[in-house]
Asks: 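Quick one: the structure is below, and I'll ask about it shortly.
Atom set for the values below is all heavy atoms of this structure, side chains included, hydrogens, waters and symmetry mates excluded.
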Amino acid sequence: MLLRLPPSLHYPITVTSLLKQPGDAVERDEAIFWYIYQTTVEEGDGLGNRIEVKRKFPTRFESTVDGEIVQWKIAKGDVITGPVDVVEIDEPCAHEVQFGGLCAECGKDMTEATYNTEVMDSYRAPIQMAHDNTTLTVSEKEATRVEEDAKRRLLASRRLSLVVDLDQTIIHATVDPTVGEWKEKQDNPNYEALKDVRQFQLIEDGPGMRGCWYYIKLRPGLEDFLQNVAELYELHIYTMGTRAYAQNIADIIDPTRKLFGDRILSRDESGSLTAKNLQRLFPVDTKMVVIIDDRGDVWRWSPNLIKVSPYDFFVGIGDINSSFLPKKQDIGETNKAVKAAKEKEKKRAEQEQENSESAKAEAENDVSALEQLVTMGGGDNQSLLQEQANAQEETIMHQVEDRPLLQKQKQLEAEDDASADSSESSSSVDESQEAAKQRHHLLEDHDRELFQLQDRLEQVHRKFFDEYDKKRTHALGGRVAALRGEKAAHKDRDVDLKLVPDIKDIMPLFKRSVLGGVVLVFSGVLPLGTDTQNADISLWAKSFGAVIATKINARTTHLVAGRNRTAKVREATRYPNVKIVMTQWLLDSLTSWKRLDEDPYLLPVHPDDRGEPLSPGSRELADSSWLSSSDEATGSLWTEDESNEELFKSSGLDESSVPGYDADEQAAVHDELKEFLGSDDESESDSEAWGEDLNEGSKKRKRGEGTEGEGDEESEEDERDESDKKGSRLSQRIKRSYERSTGLREVATATGSASGSEHVRPSGPHGEEEVGTPAKQDDGYPEDPDDDDDELEREMLAAFEDDNPRAEEEAAAENG
């Protein structure tokens, strides 16, 4: 061991003598060399005054470990200005494996400290390597050795490591007693769906949970899935449930312990109810680790993650072991009864959150979800962990008492009865009896996620070992070596850890090709106020190569709409290349790892919502090409100041001055011109609806009226002030001139017009030539019958000359 000087010494120090030689034994707290240091002290001068003087003090340095001196790194007379290694000591025990505060090899107390202790011996082994035991720790050196041995073993058997989440990934659990009652009643409509539901009782769990029965539904195909995947991966369980809960689940899915063994990590060992850390299981290297979980936020969207669609058999129950996590965003709900029940459950959960201190802190401090996870992680804060555990137990007990499944069942039956009553007069008795058999069925199970997930895991495994074999072949000389007769190593032997690829590089590489080049805009998908870029669906899509934008422009490829008749849906109909798809297209593409055909998912657009398509040469389409969708949600390559300047230059005006108008009028024209010229900015709100007035036969634009359901992610716009609509005569004509693509934007040359489609005509008091537009235009904009370009330009020039007499004299001199 290299003994290092602590930073607490009075530097600089000068070594005066070495008390030990190489080969000498040394004990802890024994002096090994002398040194002197200089410092300023206060002393009396004999006259009653205190003065500061510099004094040198000799001091000895004592060893902090037992052992034998191997080599000195310093010599007598050396001046040392900071912490350095001073001596190498051969220890009889390095204390690299510790258990419960004791060295596992020599039995020494690692928590013992003296006046000379700078760093506790327990810090020599800070890494927890065992899944089920936090008291067993090892040093970084030992952890590296253990992991390298594990990697060699896995590579030799052509396997990777797979971290498996439990709740809503491979199982779904509830504590609602209604399930137990339904399982006993064969005449219950949900009886068939509950036949294979398992159950267990946590007798020794927390005080609030004692005697509580857990009902577990295995995801369809789980047994075959685990058996097949175990041939390619070494399986680990990582759950936010307690250890007792995890052990009971393992007894159900792996009764012989052939699949998971003792590789089970619960919240009791991880120290958090809200975040998962891959380094807890693989502290040194995660190159060969893959994760499957229904939540990406708890992993901070690790590149090792394969996100799984949540398994929600017990409708609306969710994950009973993640009460402190942000609520999942429900996307693509279709069943009205289920949706209404979830809305009721959501309101109840929101009410509980309002009463909790954590929710208050979240409201007061506007921080991201990831920051909340870090803050709420708990770590070694046992009091916080206990508080979270108690609150979570209380939430589970509410489920036992409130019986949410029973309430949802009653609500569904009430809706079915109401529907049956309304159609009773037109239905025969036989039809009514047949319909009654199909009613009141809440629980269904058509999930196929594990079958797709197995395919994805096989892809990852194949990609990894293809890359590994390629590197090994290259390292061994490839075909040239084979032609020379050199023997290539067998694929199962001679493992080289330096050539191991990294899952963090391999998996994202081919995932991003799925939606590479896709630019998405959401409409009616996310709740109002959601951070579009950091929403779960956005982060998931971006991990597959998609770009998320907030505005529709020429670069947009897809509008993902949660509902019809929104402003963005109407805007997207004007762009011929934008595909307006339902949310399910994106979800199915993400879960299948394929860019699916959009045709079956196209949103049926209301005929009244179809806008006039933009022609290829239209100004709106051309201007939108300047927008950068890749600049996530910023929308434009220009800053606001730059864009304003360009707009005014293109109109032939200086932004800072409008001739012939005072400051207030200039400001009014400035605002109105900027507002109009920037009006093609696709920032309209989805909450703005277009309604048709049948009595008058005309369409009116309504502002501030939202569509049905939750508000989406687009912000509502305020109504414009009526006085701002009128404006000045000059600004109104500038607008009309822009609508006709007037020649004010073009420049005439001495030899002719700037474009073959333009002509030159005289105008203005001095006979200047102006580039104009042909009589007929085909630019996608209707012609204004009031052709007042000449009058407008003469008025502008006259106003300019009134303010600039010198310019008029110069113009007259040129004409003269």
Side-chain angles (χ1 to χ4, degrees), residues 128 131 160-171 229 233-241 246 260 263-311 318-329 367-379 385 388 449-450 453 456-457 460 464 502-512 514 531 533-546 587 590-591 593:
Q128 300 173 0
H131 292 66
L160 300 173
S161 295
L162 182 65
V163 177
V164 182
D165 172 57
L166 294 180
D167 294 294
Q168 291 199 277
T169 298
I170 61 173
I171 64 160
V229 170
Y233 294 84
E234 183 178 75
L235 306 181
H236 304 250
I237 288 177
Y238 195 163
T239 178
M240 286 182 177
F260 293 97
R263 297 181 296 275
I264 302 174
L265 182 69
S266 70
R267 78 176 187 218
D268 295 339
E269 296 86 40
S270 67
S272 174
L273 279 75
T274 56
K276 295 181 178 180
N277 189 350
L278 202 54
Q279 274 65 36
R280 174 59 183 84
L281 294 175
F282 307 92
V284 178
D285 192 350
T286 59
K287 287 183 177 180
M288 298 177 61
V289 184
V290 179
I291 308 164
I292 56 173
D293 201 315
D294 67 298
R295 298 197 68 139
D297 51 0
V298 298
W299 291 102
R300 301 173 193 171
W301 293 95
S302 165
N304 300 74
L305 172 71
I306 296 178
K307 186 185 179 304
V308 179
S309 296
Y311 182 44
D319 185 348
I320 62 174
N321 288 308
S322 62
S323 302
F324 278 84
L325 290 177
K327 296 297 180 183
K328 291 181 182 177
Q329 296 155 351
V367 295
S368 68
L370 294 183
E371 289 173 337
Q372 293 176 36
L373 292 178
V374 174
T375 303
M376 293 157 38
L385 287 174
Q388 292 176 345
E449 176 69 14
L450 291 183
L453 180 58
R456 296 196 289 274
L457 289 171
V460 173
F464 178 91
D502 195 338
I503 285 291
K504 292 190 291 295
D505 298 328
I506 291 177
M507 194 155 63
L509 187 62
F510 72 90
K511 278 175 62 180
R512 287 170 187 157
V514 175
D531 181 357
Q533 292 300 319
N534 292 315
D536 278 355
I537 187 68
S538 301
L539 294 172
W540 193 11
K542 286 195 284 189
S543 70
F544 281 84
L587 296 176
L590 295 175
T591 54
W593 287 29

Asks: Regarding K276 and D293, does a basic nitrogen lie under 4.0 Å from an acidic carboxylate oxygen?
Replies: yes

Asks: Below 4.5 Å, heavy atoms only, C-beta onward: do E449 and T591 meet side chain to side chain?
Replies: yes

Asks: Quick one: pull up CG in L590 and CD1 in I537 and give me the separation to the nearest 0.5 Å.
Replies: 5.5 Å

Asks: Taking all heavy atoms of E269 and all of Q128, pick out the closest pair and write down the distance.
Replies: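 Taking E269 first and Q128 second, the nearest heavy atoms are O-OE1, 4.0 Å.
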
Asks: Can you name the closest pair of heavy atoms from N534 and L539 and give their distance?
Replies: O-CD1, 3.5 Å

Asks: Show the nearest heavy-atom pair for residues D294 and P310, with the distance to one decimal.
Replies: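 Closest approach of D294 to P310: CB-CA, 3.9 Å.
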
Asks: Examine distances only and state if a side-chain atom of Q168 and a backbone atom of D319 form a donor-acceptor pair shorter than 3.5 Å.
Replies: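 The answer is yes, because a donor-acceptor pair under 3.5 Å joins these two groups.
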
Asks: Backbone N or O of V289 within a donor-acceptor pair of the N304 side chain at under 3.5 Å?
Replies: yes

Asks: Would you call D165 and W299 a side-chain contact if the rule is heavy atoms closer than 4.5 Å?
Replies: no

Asks: Side-chain contact, heavy-atom cut-off 4.5 Å: W301 with D536?
Replies: yes

Asks: Locate the shortest heavy-atom distance separating I264 from A246; write the atom from each residue and the value.
Replies: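 Minimum heavy-atom separation between I264 and A246: CG2-CB, 3.7 Å.
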
Asks: Rounded at 0.5 Å granularity, tell me how far OG in S302 sits from CG in L278.
Replies: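 Answer for the OG-CG pair, S302 versus L278, is 6.0 Å.
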
Asks: Do V290 and F464 touch side chain to side chain, with heavy atoms closer than 4.5 Å?
Replies: no

Asks: For residues V298 and M240, determine if any side-chain heavy atom of one lies less than 4.5 Å from a side-chain heavy atom of the other.
Replies: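 Yes, side chains in contact.
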
Asks: For the CG atom of D297 and the CZ atom of R300, what is their distance to the nearest 0.5 Å?
Replies: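 Output value for this atom pair is 10.5 Å.
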
Asks: If I take atom CE from residue M507 and atom CZ from residue F510, how far apart are they, to the nearest 0.5 angstrom?
Replies: 7.0 Å

Asks: Can you measure from CG (N277) to CG (L265) and round to the nearest 0.5 angstrom?
Replies: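 Between N277 CG and L265 CG, I get 10.0 Å after rounding to 0.5 Å.
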
Asks: Quick one: does any side-chain atom of Y238 pair with a main-chain N or O of L281 as donor and acceptor, under 3.5 Å?
Replies: no

Asks: Could you measure the distance from the NZ atom of K504 to the CD1 atom of I506? Nearest 0.5 Å is fine.
Replies: 10.5 Å

Asks: Would you say the side chain of Y311 lies within less than 4.5 Å of the side chain of L450, judging by non-hydrogen atoms?
Replies: no

Asks: What are the two closest non-hydrogen atoms of R295 and L305, and how far apart are they?
Replies: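 That closest heavy-atom pairing would be O-CD2, 4.2 Å.
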
Asks: Sub-3.5 Å donor-acceptor pair from the side chain of T239 to the main-chain atoms of S266, do we have one?
Replies: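 Here the side-chain-to-backbone pair does not exist.
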
Asks: Using the six-membered ring wherever Trp is involved, compare the ring planes of H131 and H236 and label them parallel, tilted or perpendicular (cut-offs 30° and 60°).
Replies: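 Rings of H131 and H236: parallel, under 30°.
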
Asks: Does the K542 side chain pair with the main chain of Q533, one donor and one acceptor, at a distance under 3.5 Å?
Replies: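 Yes: the side chain of K542 pairs with the backbone of Q533.
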
Asks: If I compare all heavy atoms of I292 with all of V308, which pair ends up nearest, and what's the gap?
Replies: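 Closest approach of I292 to V308: CB-CG2, 4.1 Å.
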
